[in-house]
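Quick notes on the structure that follows.
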Number of protein chains: 2
Amino acid sequence: MDAPAPPTGYRPDAFPPFAVTVDLIVLTIQDDRLRAVVVERGVDPYAGAWALPGGFVRIDEDLPEAASRELAEETGLTAADVHLEQVASYGRPGRDPRMRVVTIAYLALAAHLPELRPGTDASAARFADVDELLGRPGALAFDHGRLLADGVERARAKLEYSPLATAFCPPEFTVAELRRVYEVVWGVSLDPRNFHRKVTGTPGFLVPTGRSTARQGGRPAALFRVGDTQVLHPPITRRDG
Amino acid sequence: MDAPAPPTGYRPDAFPPFAVTVDLIVLTIQDDRLRAVVVERGVDPYAGAWALPGGFVRIDEDLPEAASRELAEETGLTAADVHLEQVASYGRPGRDPRMRVVTIAYLALAAHLPELRPGTDASAARFADVDELLGRPGALAFDHGRLLADGVERARAKLEYSPLATAFCPPEFTVAELRRVYEVVWGVSLDPRNFHRKVTGTPGFLVPTGRSTARQGGRPAALFRVGDTQVLHPPITRRDG
DNA sequence: ACAATAGTGTCTCTCAGACAGTATCGT
DNA sequence: ACGATACTGTCTGAGAGACACTATTGT
């Protein structure tokens with residue numbers, strides 16, 4: 001249970017002090033690649049190494065609030081602009097060599113990110129290719145490689161049965177733009193015709209706006225916005241050709 | 001990021017002290033009902049109320065270790081006997097009226113639970129009907145009603161695409177026993193014939209042992225054990241008749 | 001006309017759900 | 001023989017993937 005020691009009856013050493021942080025897996029798509037925000041650490045340990053953005057939870061704020069605040073400090077994005085959800089927590093002793101730290105990882109997905117500005121505890125911030133980061137163990141400080149892997153896997157899984165892919169798109173988007181999101185995040189190529197039929201046929205997923213895009217050399221595409229359904233029936237299955 | 005303050009460059013008030021606990025959602029099936037372990041609190045706040053079992057994470061143990069230890073203290077089950085996985089973390093200020101506590105919820109599934117023995121901080125322990133607990137807001141202390149709801153929903157969702165249902169079964173089990181798990185956890189009734197064809201046809205899910213059960217009034221059923229597949233293709237879909 | 005992209009129709013295969021029918025036990 | 005439970009076969013409809021075909025733009 002959650003209680004600290006009462007006046008009597010408990011182990012007297014039952015309340016070891018922890019630091020609690022939130023770390024952010026901020027994903028976006030740039031140049032048809034999945035990218036994550038990483039910051040350069042300005043201090044030891046891992047000074048000069050890249051890490052996920054994050055920071056301490058304040059004594060008076062909830063965990064999602066802390067994640068939103070850190071996201072805003074790091075990217076300038078507000079909670080209304082992004083999808084933000086908790087992924088998992090990590091607290092192995094020694095994951096930070098100086099003290100006992102438990103961190104709660106949050107996944108943030110955004111369509112377009114403004115200029116990155118380094119936070120108060122980092123000297124630089126940039127976008128890094130996710131596949132490259134995951135393919136190189138030790139590319140990130142602490143256990144952030146695992147945090148990133150878990151966050152990316154969460155995103156990949158949720159594309160199937162939730163409208164999460166639209167979080168990578170602007171408010172109005174075409175079916176082709178949505179398909180590109182699935183292709184980039186999953187690392188596959190999808191049949192444009194079957195994909196179109198599937199997503200437009202899933203009730204509540206896409207809402208036509210009536211508008212269409214001006215295009216260069218091709219039929220204009222209808223613009224959609226995301227519907228209010230939170231679960232896709234049928235799902236957009238991952239094991240397509 | 002995860003680091004405490006370096007000698008310079010950080011806010012000096014950046015390390016508020018937190019208590020960190022693990023709470024357990026221990027589920028099992030008794031009398032064709034989904035049941036959860038709850039303990040009676042011996043001290044304020046919520047003295048006399050029921051809560052999920054749990055306790056403080058020690059300074060030198062990892063989060064899964066703490067969950068295993070608490071599970072053993074509360075139920076006598078070892079990690080080898082149960083499925084144990086992290087669900088989510090909760091840290092709203094004020095969720096414990098005395099101090100700032102962040103808790104990490106773990107889901108534990110077991111086939112048969114031995115006699116429950118109350119932990120050091122609880123005066124009694126029992127199994128409670130999950131539907132009844134969820135239908136009565138405030139049935140559990142703190143925010144444990146939400147923890148339970150999130151844990152149960154995790155279990156329900158994972159029955160579809162993972163062999164998790166076998167965690168509710170003894171090492172060797174019949175198809176009918178497995179079906180009963182799905183029916184109880186999902187609260188539906190499933191066609192025995194279609195269910196049989198589905199689970200035996202999903203590669204890697206079930207392994208025949210060659211043995212069969214002695215039965216009372218009916219053809220003996222073949223005994224299976226769980227295979228090594230972690231993901232079911234095709235899944236056992238939830239929206240059956 | 002032609003290239004390019006958007007969108008539709010059609011075929012086949014797999015799988016889910018309904019349910020008839022067969023197999024193997026205890027009584 | 002009969003009831004009970006285990007298991008198999010067959011039908012139908014929904015959906016996935018392959019891919020031919022039509023629609024609408026710019027050049």
Side-chain angles (χ1 to χ4, degrees), chain A residues 32 159-161 165 169 172-183 186-225 229 231-241, chain B residues 32 159-161 165 169 172-183 186-225 229 231-241:
Chain A
D32 283 349
L159 289 200
E160 289 196 73
Y161 56 89
C169 297
E172 295 197 357
F173 52 87
T174 67
V175 172
E177 288 170 341
L178 185 65
R179 175 170 50 84
R180 207 75 198 99
V181 170
Y182 278 88
E183 291 180 327
W186 283 348
V188 299
S189 74
L190 300 171
D191 185 289
R193 289 109 38 154
N194 290 335
F195 183 85
H196 188 282
R197 179 162 40 80
K198 205 185 295 192
V199 295
T200 54
T202 297
F205 190 10
L206 300 184
V207 178
T209 65
R211 282 182 289 277
S212 55
T213 49
R215 298 205 47 77
Q216 57 283 16
R219 175 176 170 175
L223 283 169
F224 296 84
R225 54 182 176 79
T229 299
V231 182
L232 303 185
H233 285 292
I236 313 299
T237 53
R238 198 166 170 178
R239 316 208 157 258
D240 290 4
Chain B
D32 282 349
L159 289 201
E160 289 197 73
Y161 56 89
C169 297
E172 295 197 358
F173 52 88
T174 68
V175 172
E177 289 171 341
L178 185 65
R179 175 170 50 84
R180 207 76 199 98
V181 170
Y182 277 89
E183 291 180 328
W186 283 348
V188 298
S189 74
L190 301 171
D191 184 288
R193 290 106 39 145
N194 290 335
F195 183 84
H196 189 282
R197 180 162 38 80
K198 206 185 295 194
V199 295
T200 54
T202 297
F205 190 8
L206 300 184
V207 178
T209 64
R211 284 182 289 277
S212 55
T213 48
R215 300 207 45 78
Q216 56 284 15
R219 174 176 170 176
L223 284 169
F224 295 85
R225 55 182 176 77
T229 300
V231 182
L232 304 185
H233 285 293
I236 314 299
T237 52
R238 198 166 170 178
R239 317 209 155 256
D240 290 3

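Chain A is the first sequence line, chain B the second, and so forth, proteins listed ahead of strands; every chain is numbered from 1.
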Task: Partner set under side chain to side chain contact (heavy atoms under 4.5 Å, CB included) for A:R225, not counting sequence neighbours - done: A:V207, A:T209
Task: salt bridge (Lys or Arg N to Asp or Glu O under 4.0 Å) partners of B:R179, counting only residues at least two apart - done: B:E183
Open item on the list: Taking A:R238's backbone N and O only, do any of them form a donor-acceptor pair with A:E160's side chain (distance below 3.5 Å, no angle check)?
Closed with: yes
TODO: In whole angstrom, give the distance that lies between atom CZ of B:R179 and atom C1' of C:dG17.
DONE: 15 Å
- [ ] In whole angstrom, give the distance that lies between atom CG of A:L190 and atom P of C:dT5.
- [x] 17 Å
- [ ] Grab the CD1-P distance between A:I236 and D:dG15 for me, whole Å please.
- [x] 12 Å
Open item on the list: How many whole angstroms separate atom CZ of B:F195 from atom P of C:dC15?
Closed with: 17 Å
TODO: Starting from P on C:dC15, measure out to NZ on B:K198 and report it in whole angstrom.
DONE: 11 Å
TODO: Rounded off to whole Å, could you give me the OH-to-P distance for the B:Y161 and C:dC15 pair?
DONE: 20 Å
Between the protein and nucleotides 21-25 of chain D, list the N/O to N/O atom pairs that are separated by less than 3.5 angstrom.
{"from": "D:dA23", "atom 1": "O4'", "to": "A:R219", "atom 2": "NH1", "distance (Å)": "3.4"}
{"from": "D:dA23", "atom 1": "N3", "to": "A:R219", "atom 2": "NH1", "distance (Å)": "3.4"}
{"from": "D:dT24", "atom 1": "O2", "to": "A:R219", "atom 2": "N", "distance (Å)": "3.4"}
{"from": "D:dT25", "atom 1": "O2", "to": "A:G218", "atom 2": "N", "distance (Å)": "3.2"}

Task: Length of the OH-P vector between A:Y182 and D:dG17, whole Å - done: 13 Å
TODO: List in chain and number order the residues that pass salt bridge (Lys or Arg N to Asp or Glu O under 4.0 Å) with A:R219, two or more places apart in sequence or in another chain; answer none if no residue qualifies.
DONE: none
Task: Those residues that, when tested against A:F224, pass ring pair (Phe, Tyr, Trp, His ring centres under 6.0 Å) (two or more places apart) - done: none
Open item on the list: The criterion is salt bridge (Lys or Arg N to Asp or Glu O under 4.0 Å); which residues satisfy it with B:R193, sequence neighbours excluded?
Closed with: B:D191
TODO: Specify the separation, in whole Å, of atom CG of A:N194 and atom C1' of D:dA18.
DONE: 7 Å
Task: Pairwise 5' ranking along DNA chain C for A:F224 and B:R197, keeping only the more 5' one - done: A:F224
Task: Check: A:E177 main-chain N/O paired with A:T174 side-chain donor or acceptor under 3.5 Å - done: yes
Open item on the list: It should be established whether B:H196 places a side-chain nitrogen or oxygen under 4.0 Å from OP1 or OP2 of nucleotide D:dA6.
Closed with: no
TODO: For the side chain of B:T237, starting at C-beta, report the closest nucleotide among C:dG17, C:dG7, D:dC7.
DONE: C:dG17
